[in-house]
Number of protein chains: 2
Amino acid sequence: MLSNSAKYALKAVLYLALHTSEDNKMMVKDIYTNINVPQSYLAKLLQELSKHDIISSSRGPKGGFYLSAKNLGLPLIRIVDVIDGEQRLRSCMLSIHECDSENPCALHHLVGNANSDFIKNLEQTTINELILEVRAGKSVLPL
Amino acid sequence: MLSNSAKYALKAVLYLALHTSEDNKMMVKDIYTNINVPQSYLAKLLQELSKHDIISSSRGPKGGFYLSAKNLGLPLIRIVDVIDGEQRLRSCMLSIHECDSENPCALHHLVGNANSDFIKNLEQTTINELILEVRAGKSVLPL
DNA sequence: TCCGAAATGTGATTTTTATCATATTCTGCG
DNA sequence: CGCAGAATATGATAAAAATCACATTTCGGA
């Protein structure tokens, strides 16, 4: 469903959302231990996210990664689409091309709306909204 | 969610369910073209399924793979558990161990009951039930 | 202006998954 | 019995995903 990379990326972004801001950046080496992702792998992922303007960064001393207000408004789907590509999440359970709700493959009913609901949620929920829930204690981030 | 192998296995089993029986067996070479799975890869998967008594087989001339009445009564989950292992399907969206509905991780709500519903369906639906739906025209198997 | 701290870019290595190939064993039939 | 047709066993190769390593660029501050 989600690749390891996408999960890592989500974790990292959520962590940044909780702990950084424009004037409180964070370096990879201070992040990776906290979210339990291999250092240089995380570095690569963050660079990718940064390149696609999903997170922000600045180099040099006092530099690091962070989330701007603008970044916080992005829907979660952006993260997984950038890392996994848009296909992966949206492919049919049996990887059959001609499968949709009009012409459902045999497993379609079993999945039900599971997958499409999940995608819809990822599209409609912003990073910020998710963080608000965490702060409100409605969910947890035991990264 | 499901590995390629698991998808292949599901396709193969469904195909066998539709087209074989105790006295109408089928060889890999007559199956693989129909379900669009590489021949020797399919062979390996069928052997694995056979070893775990999910499908039946017999060697020699007039031999091949088939589904017995007993096989038909198995729940679909058996197929994916044998091929993918029991962990894969059941791991949390962020691969966080301590994540369940009691103590939901941040993404838990986004997935909603999607995943657990799917698993439940796989557990409760037998191969035969699925095939009946296909025969009744309620769903399609464009393998 | 120069040094060091940080991200960035590039590519090599390892591990897992998918795929292919081939030798071996079993079994029905003449 | 013996041969040919089938699954079974084993392991080699290819491709993709995950991981690691290091040289390069950029930038703030002394």
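Predicted model only: the values in this text are computed from it and were never measured. In the text below, chain A, chain B and the rest are named by the order of the sequence lines, each starting its count at 1.
With B:Tyr8 as reference, B:Tyr41 is the one residue of B:Tyr32, B:Tyr15, B:Tyr41 to meet the ring-ring contact (aromatic ring centres under 6.0 Å, His included) rule.
Note: CD (A:Glu48) to C1' (C:dA7) measures 14 Å, nearest angstrom. Residue A:Leu46 contributes atom CG, which lies 15 Å from atom C1' of D:dA18 at whole-angstrom precision. Here the C1' atom of nucleotide D:dT10 and the NZ atom of B:Lys51 are 11 Å apart, to the nearest Å. Between the CG atom of A:Asp53 and the C1' atom of C:dA7 there is a distance of 15 Å, rounded to whole Å. Whole-Å rounding puts the A:Leu42 CG to C:dT8 P distance at 12 Å. Here C:dA7 presents its C1' atom at 14 Å from CG of A:Leu49, a figure rounded to the nearest Å.
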Name the pairs: protein N/O against N/O of nucleotides 28-30 of chain D, kept only if under 3.5 Å.
none

Where do N or O atoms of nucleotides 11-17 of chain D meet protein N or O atoms at under 3.5 Å, pair by pair?
from	atom 1	to	atom 2	distance (Å)
D:dG11	O6	B:Lys44	NZ	2.3

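We find the CZ-CD1 distance between A:Phe65 and A:Ile55 to be 5.5 Å, quoted to the nearest 0.5 Å. To the nearest 0.5 Å, atom CD of residue B:Glu22 and atom OG of residue B:Ser58 are 9.0 Å apart.
A pairwise comparison of heavy atoms in B:Asp53 and B:Asn71 identifies O-ND2, 3.3 Å as the closest pair. Residues B:Glu123 and B:Pro75 approach most closely at O-CB, 3.3 Å, considering heavy atoms.
Nucleic acid contact for B:Ser57: sugar-phosphate only, since backbone atoms but no base atoms lie under 4.0 Å from a heavy atom of the residue.
Screening residues 75-89 of chain A for salt bridge (charged side-chain N to carboxylate O under 4.0 Å, His left out), with sequence neighbours left out, gives A:Asp81-A:Arg90.
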